[in-house]
Amino acid sequence: MSAQNTTIRSVAVIGAGPSGLVAVKSLLAQGLNPIAFEKSVAIGGLWRYDEAKPDGGGLAYRSLMANTSKWMGVFSDLPFDAGIPEFPSREQMLQYLNRYADHFKLRPHICLNTEVLQVIRTEHGRWEVRFRTEGAGEEFRTFDAVVVASGFYTVPYMPELPGQETFNGEILHSAAYKGPEGFEGKRVVVIGCGSSGADLAAELGPVAEQVDVSTRSGVWFVPKMVNGRAYDTYRTRFSSKMPDAVSKSYFQRMLLDCYFSLGFSEKTIEQLNLPEFDLDRGKFIPATDILHQVRAGSVRMRTEIAEVRDSEVRYTDGTISQADVLLFCTGYGLRFSFLDDEVIRVQDRYTISLYRQVFHQEYDNLAFLAMNFAGGAAFPMMEIQARWIARVFSGGMMLSTPAERSKWIEAYFAAHQEAGTDPMSLKLLDYLGEMSGLLGIRPVIWKHPRLLGKLIFGAHVPAQYRLDGPGRSDTAAEIIADQGYLTG
């Protein structure tokens with residue numbers, strides 16, 4: 001790390017969703033002075049939903065639930081309250097985030113109803129933050145460093161379909177969806193099948209006349225509960241050491257057995273249009289309800305759309321469906337309206353060049369949080385990133401030089417290009433292992449004989465990164481021991 005960063009005291013954090021909250025907490029733990037700017041009326045980010053507003057006041061829909069379990073989708077030093085279901089609801093997630101803010105006394109460091117308009121680098125290498133608070137005029141403050149925690153979901157992305165201009169029905173993005181009201185008896189084509197596509201298709205299946213889900217390359221749906229245990233608790237140290245062929249066979253057999261237990265047969269499983277099973281490049285979506293709807297016939301899996309003609313949707317396999325609604329569940333584009341393109345440039349909708357997915361390649365005092373697809377629970381990813389940022393900003397860790405960061409970024413993108421994989425999508429366990437090693441917080445397993453079973457065969461829970469090294473906590477072992485993910 002360059003010498004100038006040892007003088008960092010004040011840090012602007014943009015956003016007070018989960019990543020903004022853990023950034024503030026981590027910075028405080030290192031003795032820094034963070035201020036988070038949140039343009040909404042309350043903390044919580046995507047988990048907020050305001051029943052008093054027609055649009056819910058944000059991107060969330062009313063029935064939103066976590067698609068990672070309470071064991072994995074949690075911060076390391078504050079477990080969920082006892083009695084919370086394996087997969088918390090939107091309300092329960094928001095309650096957890098509010099409890100986190102209160103437990104670690106974060107609220108005095110958060111400015112609500114405050115939108116960041118511009119972040120400008122000063123001639124002295126600091127950052128001038130221009131902002132506007134509701135009911136007040138524009139103001140500015142200068143900070144030693146900035147953490148961008150504004151979220152990976154900013155601009156709804158809607159690709160243009162061939163012939164879409166001829167469509168005579170309704171076209172909308174999942175960002176505008178709040179509930180199944182108004183879709184009764186309609187023929188709906190859902191375009192894209194990530195988590196929101198699967199959720200919305202499943203919710204619309206019982207009320208719509210028909211729901212068709214179009215995917216480019218097919219999807220493997222992963223039931224949220226597998227043999228009485230949350231699906232993401234099967235990603236363990238033991239399973240990560242399996243040879244690729246063994247791991248592929250094991251998890252494919254597990255998924256197929258789940259499908260058969262849900263009522264599919266060797267014949268009816270064709271309804272799912274399953275792609276080749278590929279743990280590295282395949283698309284795996286945690287979702288249970290859509291499997292029931294496909295099995296019942298109210299949701300049909302389709303290939304990529306080739307063309308739209310009036311109310312007719314034609315697919316690349318030659319099949320056709322009629323549609324009253326085109327519902328785009330095609331994700332979002334990334335945009336930083338407050339940063340000049342010369343500071344950070346977004347390519348290909350959401351691709352940005354960051355050192356180890358966190359630090360700006362040139363500026364030591366500019367970092368970004370949770371700007372990746374985690375390939376699993378985002379909370380442990382964003383927390384380990386926040387801890388690294390705080391250590392670097394406080395002078396507790398060295399950061400490589402701009403030239404070394406640029407070289408790392410170049411090699412990283414070249415490797416993904418050669419492999420044909422998305423550079424913004426992480427293998428979560430590999431990334432956590434890499435980052436915990438960098439921070440010196442990787443658990444020393446032999447030091448914790450009482451926890452050996454859970455550390456080797458149990459879920460890769462975030463509390464393990466509080467067992468050893470800087471930031472260790474006396475409560476981490478108790479948190480791990482008390483968790484019941486092994487028995488479901």
Side-chain angles (χ1 to χ4, degrees), residues 1-15 19-20 22-27 29-30 32 34 36 119-122 125-127 129 143-152 334 336 338-347 350-374 378 380-416 423-426 430-441 465 470-471:
M1 188 188 74
S2 63
Q4 68 173 15
N5 277 9
T6 59
T7 62
I8 288 177
R9 296 300 302 166
S10 60
V11 184
V13 177
I14 302 174
S19 59
V22 76
V24 171
K25 190 262 184 184
S26 300
L27 292 163
Q30 292 297 317
L32 299 177
V119 177
I120 304 169
R121 188 168 174 83
T122 72
R126 301 177 78 206
W127 297 96
V129 177
F143 292 85
D144 300 323
V146 171
V147 177
V148 179
S150 52
F152 200 53
L334 187 60
F336 306 108
F338 45 83
L339 284 171
D340 192 271
D341 282 349
E342 293 181 2
V343 175
I344 189 77
R345 189 178 300 277
V346 180
Q347 300 176 337
Y350 54 66
T351 303
I352 52 177
S353 299
L354 298 172
Y355 176 58
R356 296 184 186 271
Q357 290 75 52
V358 177
F359 278 96
H360 193 278
Q361 65 185 62
E362 182 179 352
Y363 306 130
D364 293 7
N365 57 350
L366 177 61
F368 296 76
L369 258 184
M371 295 296 165
N372 294 85
F373 301 110
M381 174 194 74
M382 64 180 66
E383 182 174 26
I384 212 164
Q385 290 177 342
R387 292 175 69 180
W388 184 33
I389 292 169
R391 292 268 301 282
V392 169
F393 282 177
S394 68
M397 285 187 69
M398 299 289 288
L399 188 64
S400 56
T401 66
E404 290 169 333
R405 298 201 295 270
S406 295
K407 184 178 180 180
W408 185 94
I409 291 169
E410 184 178 342
Y412 176 81
F413 277 90
H416 276 279
M424 303 306 287
S425 183
L426 302 175
D430 290 350
Y431 185 71
L432 293 176
E434 171 193 336
M435 294 299 294
S436 62
L438 179 70
L439 271 70
I441 59 173
Y465 298 115

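- The distance from the NE2 atom of His360 to the CD1 atom of Ile409 is 8.5 Å, given to the nearest 0.5 Å.
- Between the CE atom of Met397 and the CG atom of Leu438 there is a distance of 4.0 Å, given to the nearest 0.5 Å.
- For Val129 against Ala12, the heavy-atom pair with the smallest separation is CG2-CB, 3.9 Å.
- The closest side-chain donor-acceptor pair between Gln385 and Tyr431 falls under 3.5 angstrom.
- Considering only residues two or more places apart in sequence or on other chains, Ala36 meets the side-chain contact (heavy atoms from CB on, under 4.5 Å) condition with Val13, Val24, Ile110.
- Between Pro380 and Leu432 there is a side-chain heavy-atom pair separated by less than 4.5 Å.
- Residue Asp364 holds its CG atom at 5.0 Å from CG of Leu399, rounded to the nearest 0.5 Å.
- For Tyr350, the ring-ring contact (aromatic ring centres under 6.0 Å, His included) partners are Phe152, Phe373, not counting sequence neighbours.
- Of all heavy-atom pairs spanning Leu27 and Pro34, the tightest one is CD1-CB, 3.8 Å.
- The salt bridge (charged side-chain N to carboxylate O under 4.0 Å, His left out) search around Glu434 returns Arg356, not counting sequence neighbours.
- For the pair Met398/Val392, no side-chain contact is recorded, criterion being any heavy-atom separation below 4.5 Å from C-beta on.
- Applying the side chain to side chain donor-acceptor pair (under 3.5 Å) test to Glu404 and every residue at least two apart in sequence or in another chain returns Thr401.
- Shown here are the side-chain contact (heavy atoms from CB on, under 4.5 Å) partners of Val346, two or more places apart in sequence or in another chain: Leu334, Phe336, Ile352.
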Do Tyr465 and Leu439 pass the side chain to side chain contact (heavy atoms under 4.5 Å, CB included) test, and can you show the C-alpha distance, the side-chain angles, and the key distance before you say yes or no? CA-CA 10 Å; Tyr465 298 115; Leu439 271 70; over 6 Å; no

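- Applying the ring-ring contact (aromatic ring centres under 6.0 Å, His included) test to Tyr412 and every residue at least two apart in sequence or in another chain returns Trp408, His416.
- Of the possible donor and acceptor atoms, none in the side chain of Ser26 sits under 3.5 Å from a partner among the backbone N and O of Ala23.
- Between Ser425 and Asn372 the shortest side-chain heavy-atom distance does not fall below 4.5 Å.
- In this structure a side-chain-to-backbone donor-acceptor pair under 3.5 Å is present from Arg405 to Glu362.
- What you find for Thr351 and Pro423 is that their closest heavy atoms are CG2-CG, 4.4 Å.
- Ser10 is linked by a side chain to side chain donor-acceptor pair (under 3.5 Å) to Asp144, counting only residues two or more places apart in sequence or in another chain.
- Side chain of Ser394 to backbone of Arg391: a donor-acceptor contact under 3.5 angstrom is found.
- Residues satisfying the side chain to side chain donor-acceptor pair (under 3.5 Å) test with Trp388, not counting sequence neighbours, are none.
- Between Ser353 and Gln361, some side-chain heavy-atom pair lies under the 4.5 Å cut-off.
- Between Met371 and Ser150 there is a side-chain heavy-atom pair separated by less than 4.5 Å.
- Applying the side-chain contact (heavy atoms from CB on, under 4.5 Å) test to Asp340 and every residue at least two apart in sequence or in another chain returns Glu342, Val343.
- In this structure, Ile120 CD1 and Leu339 CG are separated by 10.0 Å, a value rounded to the nearest 0.5 Å.
- At least one side-chain heavy atom of Trp127 sits under 4.5 Å from a side-chain heavy atom of Leu366.
- In this structure, OG1 in Thr7 is found 8.5 Å from CZ in Arg126, a value given to the nearest 0.5 Å.
- Listed by first then second residue, pairs satisfying salt bridge (charged side-chain N to carboxylate O under 4.0 Å, His left out) with a partner in residues 380-389 read Glu383-Arg466, not counting sequence neighbours.
- Side-chain contact between Ile389 and Val358 is present, with heavy atoms from C-beta onward closer than 4.5 Å.
- For the atom pair CE (Met435) and CG (Asp430), the distance works out to 13.5 Å, reported to the nearest 0.5 Å.
- Taking the side-chain contact (heavy atoms from CB on, under 4.5 Å) definition, one finds that Ala145 meets it with Ile8, Val11, Asn365, Phe393, sequence neighbours left out.
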